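Here is the structure we will look at, set down as structure tokens.
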Amino acid sequence: MRRAGWGLVALLLLAPSAAQAITLFDLDDKPLTLNIDESFGVEWHNNHDFGVPNTLKDDYVKLENVLSADFRWQEFTLGMRVEGNYYPDPLDFTVIVPRLDRIPLIRTQTASENDFHFEKYYFIYDSPRLRVDVGDYYVTFGRGLALALQREADDSIDTTLTGGKARLSIEDTTATLLAGFTNTLNVDPNHETRQDDPRDLIWGARLEQRIADFMTVGGHAAYTEFGELEGEQKKRFIGEADTTIAGGTIEFPDIGGHASVYFEGDWIRRRGREVTEEITDYRMVQDDGFGLYGSLAGYVENATLTAEYKYYNDFIFRRGRTTLGYMLPEGEQPPDDLQFFEDIYYNNVPTLERTDIETNRTYGNDHGFRIRADYNSINTGTQPYVALYYTRNIWQEQGTSSLGGFGSDEDFEGDRIWHAYGGVTQMIGEIELLIDGGFRDEYSLDENQKLLQIGHAKTSGSFPLVAKHSLGYEFSFLHKNYVSKKEQEFDYDLTLNYSFTPYLSLSFLYTLQRKDYLPSSGEDETNHFFAGEAASTLFDGILRVSIFGGQVRESIRCYGGFCRKVPPFEGVKAKIRVAF
């Protein structure tokens with residue numbers, strides 16, 4: 001794969017200077033084109049913490065090659081994604097397996113499997129009336145409340161279905177049928193560990209009807225059988241057995257040229273295994289729930305007001321998986337390949353803010369709203385916005401719901417969370433300035449005390465110099481006050497960058513992290529993190545080379561009300577990417 005990567009670079013030196021698809025032949029103005037995206041990277045990790053107690057691995061190297069290619073001719077597309085990973089030094093970590101009345105079992109598992117595989121492959125026929133997908137494809141019903149198999153973000157969880165999907169459109173009616181096994185990105189980006197594909201069976205259908213260009217109504221249903229291809233021993237460590245979802249949507253996309261309305265309601269039935277601590281046996285239990293979501297957007301000239309509301313009652317569509325969290329009976333061994341993501345969600349909150357700034361957890365019993373106002377002044381180049389988010393976890397009789405697992409009958413009040421944030425973007429000629437910030441408060445209704453308070457702020461600017469040269473900066477501040485634990489954390493992040501578009505960009509990153517503890521719990525901590533990156537884009541975007549070195553702390557980065565978890569890293573990353 002390394003030779004293939006460098007061979008493509010050499011080939012592209014002879015290619016046209018514009019980054020575009022290669023035309024293999026043209027028959028009666030019907031060209032057959034080839035698109036290629038080749039990426040080869042080398043990473044050296046030092047002092048990398050897997051986030052699991054007693055697991056630490058220093059100094060390992062990872063070589064990765066990803067090749068994506070597709071052929072297109074008229075309505076037909078044939079494509080694939082090939083991945084290869086190689087670890088010169090095996091990357092192992094230990095797992096402590098608790099056992100009843102016996103010494104815990106210590107196992108060594110390998111997180112660095114050398115492999116070469118076809119990660120995704122697909123065939124598409126797409127005409128104005130009919131689209132057929134065979135192989136890997138993404139799918140979302142409505143706005144994702146009932147089913148959302150998609151890529152969350154760059155270098156994040158990427159889930160497709162491997163199977164078939166057909167969508168037929170006749171005038172104002174659209175019908176979709178699909179079935180397949182889930183195929184998830186094979187590397188957990190937070191822990192750098194190799195994962196097995198879930199291979200859960202999902203089938204579904206959706207029907208939409210547009211009425212007089214005024215409204216659209218739709219109905220859908222989806223069914224999943226978890227662990228369909230797993231062995232019986234492994235299934236015992238998977239709580240979920242199957243899930244059924246059915247629901248409908250109503251949308252008014254344009255009301256008088258000044259508003260739009262969307263509403264969706266779904267019913268869910270989850271069946272699962274009530275797993276005991278001993279894993280000796282289990283019984284099947286079930287739980288019913290529902291999810292409601294509505295949004296209203298109004299716009300007048302340069303002003304926009306958006307309001308969203310959600311009500312989840314025992315509503316979650318998740319494959320909850322764990323390495324091992326149970327006591328094993330005497331003589332029983334866990335499956336050798338029991339390496340799982342903590343959670344894989346097959347649905348999502350449509351556009352409402354994430355419920356947890358720390359772990360991005362998604363509860364199945366949320367009741368909340370968000371209101372946001374935006375304004376765009378074309379004359380002054382000013383774009384302010386302000387938002388308020390509030391939610392309460394209405395944890396009722398859980399049964400097989402998202403909290404407490406299957407078979408829990410406890411009553412919970414849950415948490416109350418509110419988050420106020422806002423910002424403004426200002427254009428002054430070609431200079432762009434941004435200020436963004438907010439405050440978040442989390443309160444436990446069960447314990448009647450504050451859990452966490454978070455203040456965050458961010459400012460950035462871009463300053464053109466001469467020709468294609470520019471300077472930029474970004475500064476962010478995050479203060480986390482763990483009230484119940486009497487601990488505080490202060491994070492300051494500064495990034496300075498220089499760019500000669502599109503040929504060269506240089507960045508310097510600095511982070512100051514300070515932790516204040518209760519005096520009896522230990523000394524306070526002050527940590528400094530430094531990193532730098534250089535990148536170059538050549539041949540009109542065909543070739544991009546980058547190298548990153550330094551330290552990145554595990555953190556939460558927030559902007560515009562959305563927060564994303566950044567995994568820790570220490571070492572050097574180099575990447576060559578070719579696309580045409």
Side-chain angles (χ1 to χ4, degrees), residues 75 77 122-151 159-183 200-226 228 242-255 259-271 288-297 308-313 315-318 345-352:
E75 297 90 357
T77 301
Y122 49 90
F123 169 79
I124 302 172
Y125 171 80
D126 192 3
S127 68
R129 283 195 171 188
L130 177 64
R131 172 168 174 145
V132 177
D133 292 74
V134 179
D136 285 281
Y137 57 88
Y138 298 104
V139 60
T140 299
F141 282 172
R143 296 191 181 178
L145 189 67
L147 183 64
L149 300 177
Q150 58 193 11
R151 184 169 187 169
T159 302
T160 56
L161 268 186
T162 303
K165 179 180 71 171
R167 186 187 67 201
L168 178 64
S169 300
I170 301 177
E171 295 182 348
D172 295 331
T173 305
T174 302
T176 303
L177 294 173
L178 61 93
F181 291 95
T182 53
N183 175 20
D200 298 324
L201 174 64
I202 296 181
W203 63 262
R206 177 168 170 82
L207 180 66
E208 289 186 3
Q209 177 66 48
R210 190 172 64 231
I211 302 174
D213 292 329
F214 176 68
M215 66 180 294
T216 300
V217 296
H220 50 248
Y223 171 79
T224 295
E225 185 166 344
F226 297 93
E228 172 69 11
D242 57 68
T243 296
T244 302
I245 294 180
T249 62
I250 301 176
E251 183 174 15
F252 299 88
D254 188 1
I255 303 175
S260 64
V261 176
Y262 179 86
F263 176 79
E264 180 172 348
D266 291 283
W267 165 84
I268 186 171
R269 168 164 291 176
R270 303 173 66 227
R271 292 195 324 125
D288 291 351
F290 63 86
L292 302 175
Y293 171 81
S295 68
L296 169 65
E308 297 178 305
Y309 171 81
K310 69 171 181 177
Y311 191 109
Y312 286 1
N313 185 79
F315 185 85
I316 195 168
F317 187 9
R318 179 195 66 179
Y345 293 93
Y346 294 147
N347 67 336
N348 69 312
V349 180
T351 56
L352 202 63

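As a basis for the values below, the full set of heavy atoms in this structure was taken, side chains included, without hydrogen atoms, waters or symmetry mates. Note that the coordinates shown come from a computational prediction; the quantities given were computed from them, not determined experimentally.
A distance of 11.5 Å separates CZ of Phe252 from CZ of Phe263, quoted to the nearest 0.5 Å. Atom CG in Asp213 sits 6.5 Å away from atom CG in Asp172 (nearest 0.5 Å). Distance check: Thr162 OG1 to Tyr122 OH gives 13.0 Å after rounding to the nearest 0.5 Å. A distance of 11.0 Å separates OH of Tyr223 from CD1 of Ile202, quoted to the nearest 0.5 Å. With rounding to the nearest 0.5 Å, the separation of OG1 in Thr174 from CZ in Arg210 is 7.5 Å. The structure places OG1 of Thr182 at 7.0 Å from CG of Leu161, a figure rounded to the nearest 0.5 Å.
For the salt bridge (Lys or Arg N to Asp or Glu O under 4.0 Å) test, no residue two or more places apart in sequence or in another chain qualifies with Asp254. Checked against side-chain hydrogen bond (donor to acceptor under 3.5 Å, both in side chains), Asp200 has the following partners two or more places apart in sequence or in another chain: Arg319, Tyr346.
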Pair Val139-Thr176, side-chain contact (heavy atoms from CB on, under 4.5 Å): steps then yes or no = CA-CA 10 Å; Val139 60; Thr176 303; 5.6 Å; no
Go through Leu147 and Ile245 one step at a time and tell me if the side-chain contact (heavy atoms from CB on, under 4.5 Å) criterion holds.
-> CA-CA 9 Å; Leu147 183 64; Ile245 294 180; over 6 Å; no
Could you please spell out the steps behind the side-chain contact (heavy atoms from CB on, under 4.5 Å) verdict for Ile268 and Thr243?
-> CA-CA 7 Å; Ile268 186 171; Thr243 296; 3.7 Å; yes
Verdict with reasoning, Phe141 to Leu178, per side-chain contact (heavy atoms from CB on, under 4.5 Å) = CA-CA 11 Å; Phe141 282 172; Leu178 61 93; 3.7 Å; yes
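Closest non-hydrogen pair, Pro253 versus Met215, comes out as CD-CA, 4.3 Å. Taking both residues in full, the closest heavy atoms of Asp266 and Ala146 are given as OD1-CB, 3.5 Å, listed atom of the first, atom of the second, then distance.
Side chains of Leu177 and Trp203 form no contact here, defined as non-hydrogen atoms less than 4.5 Å apart. For the pair Leu207 and Thr173, the minimum side-chain heavy-atom distance is below 4.5 Å. Contact annotation: the side chain of Tyr138 never approaches that of Leu149 to less than 4.5 Å [non-hydrogen atoms, C-beta and beyond]. A heavy-atom distance below 4.5 Å is found between the side chains of Val132 and Val134. Looking only at side-chain heavy atoms (C-beta outward), Phe315 and Leu145 come within less than 4.5 Å of each other.
No side-chain donor-acceptor contact under 3.5 Å links Asp288 to the backbone of Arg269. Remark: side-chain polar atoms of Tyr125 are not paired, donor with acceptor, to backbone N or O of Glu75 under 3.5 angstrom.
No side-chain N or O of Glu264 forms a donor-acceptor pair with one of Thr249 less than 3.5 Å apart.
Every pair passing salt bridge (charged side-chain N to carboxylate O under 4.0 Å, His left out) that includes a residue from residues 124-139 is listed here, sequence neighbours excluded: Asp126-Arg131, Arg131-Asp133.
Under a cutoff of 6.0 Å and an axis angle of 45°, Arg143 and Tyr293 do not form a cation-pi pair.
Ring planes of Tyr311 and Phe290: parallel class, angle under 30° (limits at 30 and 60°).
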